[in-house]
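Each chain gets a letter, A, B and so on, in the order its sequence line appears, and its residues count up from 1.
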2 protein chains.
Amino acid sequence: MNERIVDLLKKNHLSITESRKKILSHFLDANGALAHADIEHKSGTEFDRVTIYRTLQTFVEKGMIHTIPTTDNSVRYALCKDECSAGHHHDDHVHFMCDECGTTYCLDHVIVPQVALPEGFKAIRNDLVVSGICNKCS
Amino acid sequence: MNERIVDLLKKNHLSITESRKKILSHFLDANGALAHADIEHKSGTEFDRVTIYRTLQTFVEKGMIHTIPTTDNSVRYALCKDECSAGHHHDDHVHFMCDECGTTYCLDHVIVPQVALPEGFKAIRNDLVVSGICNKCS
DNA sequence: ACAACAATGCAACACTGTTGCAAAATTTAT
DNA sequence: ATAAATTTTGCAACAGTGTTGCATTGTTGT
């Protein structure tokens, strides 16, 4: 497990530090997406708030995680699957937010259908956020 | 114009106040979605920040405006078209964010195709956020 | 015009996110 | 293995965002 984490960091030319290993492991453990606050709670006082912010920023820049659009004002992050991190990043994402438990799932294998836009609009990225009841709450 | 605003407020059983009329007119004037900060800048020091927050909250509760999910952490609001405010609110929204000018458009007439979800997931609401270049920037 | 009610402004607060800089840890080269 | 170079971290300070309680003001219905 620790192997995989170190490999991921090395692959992205990042120094191997305690905070990065721990934060990355939180993402691997979580079945859903995480907000900054979630990581802060999971980590306790182990790391500074700023470190978490900077680590998340770094991970996003390296394409290891991505942000998820939400209807409320919370910013959530989810691990990118291999297709993302391999540079061959696809620009379509489907996410599912459970109204009951609040968990956010990253549905990588669901395909976003292209929609017809008005004249002059050029689509580059499609983010579909589906809300409802997840498989654990139904 | 003022007629229409007063009617809208009356229809939703809200008191007719200066702040509500002004904020509502900002939405009618704007071709795109507005963030709280936009309204604050447009209004200057005319109203208190808190009043704007509470007014937006009220409008959302009454179904006059709706929030738009964004990839960054900004919360934006857009006017609901007649279908929304008439109570017969449809739960699918398509929004377009221009990477160039940042304007957010509410594309009410674009239909969101239903996607196939994994077993046990029940979709209630679909929010599609398309990013790219808008008709003014292309 | 008046009473009942609703909305506003103010102050205070908690949370979120960013920046600069010195100290500590990691990596690279010797 | 050790030292230099680089990167990352923690701290402090700050700006922005959003919420709540309460007294004051404005709006509504009679």
Nearest to the side chain of B:S19 - D:dT19, C:dT8, C:dT18?
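So the side chain of B:S19 is nearest to C:dT8.
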Any side-chain N or O of A:T51 less than 4.0 Å from the OP1 or OP2 oxygen of D:dG10?
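For A:T51, the contact criterion (side-chain N or O under 4.0 Å from OP1 or OP2 of D:dG10) is met.
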For A:E18 and for B:E18, locate the closest nucleotide of DNA chain C by heavy-atom distance; then report the residue assigned to the nucleotide nearer the 5' terminus.
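First, find each residue's nearest nucleotide; the 5'-ward one identifies B:E18.
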Give me the ring orientation class for A:Y105 and A:F96: parallel if the planes are under 30° apart, tilted from 30 to 60°, perpendicular past 60°.
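Because their plane-to-plane angle lies in the 30° to 60° range, the rings of A:Y105 and A:F96 count as tilted.
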Judged by modelled atom types alone, do B:R76 and B:T104 share a side-chain donor-acceptor pair under 3.5 Å?
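Present: a donor and an acceptor within the cut-off.
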At what distance, to the nearest 0.5 angstrom, does CD1 of A:I23 lie from CG of A:L28?
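That separation rounds to 12.5 Å.
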Rounded to the nearest angstrom, tell me the gap between atom CZ in A:R76 and atom C1' in C:dT16.
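Nearest whole value for this atom pair: 15 Å.
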Quick one: A:I16 CD1 to D:dT6 P, roughly how many Å, whole number?
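In whole Å, D:dT6 P and A:I16 CD1 are 20 Å from each other.
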Output one line per pair: protein atom, nucleotide atom from nucleotides 1-4 of chain D, and distance, for all N/O pairs under 3.5 Å.
none

Quick one: label A:R20 by what it contacts on the DNA or RNA (base, sugar-phosphate, nothing), any heavy atom closer than 4.0 Å.
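It contacts sugar-phosphate atoms only.
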Just checking B:Q57: base, sugar-phosphate only, or nothing, at a heavy-atom cut-off of under 4.0 Å?
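Sugar-phosphate only.
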Pairs meeting criterion side-chain hydrogen bond (donor to acceptor under 3.5 Å, both in side chains) with involvement of residues 35-52 of chain A, two or more places apart:
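Passing the test, one end in residues 35-52 of chain A: A:K22-A:E46, A:H36-A:E40.
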List in chain and number order the residues that pass side chain to side chain donor-acceptor pair (under 3.5 Å) with B:S19, two or more places apart in sequence or in another chain; answer none if no residue qualifies.
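For B:S19, the residues satisfying side chain to side chain donor-acceptor pair (under 3.5 Å) (neighbours in sequence not counted) are B:T17.
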5′-ward residue of the pair B:T17/B:R54 relative to DNA chain D
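The residue closer to the strand's 5' end, by nearest nucleotide, is B:R54.
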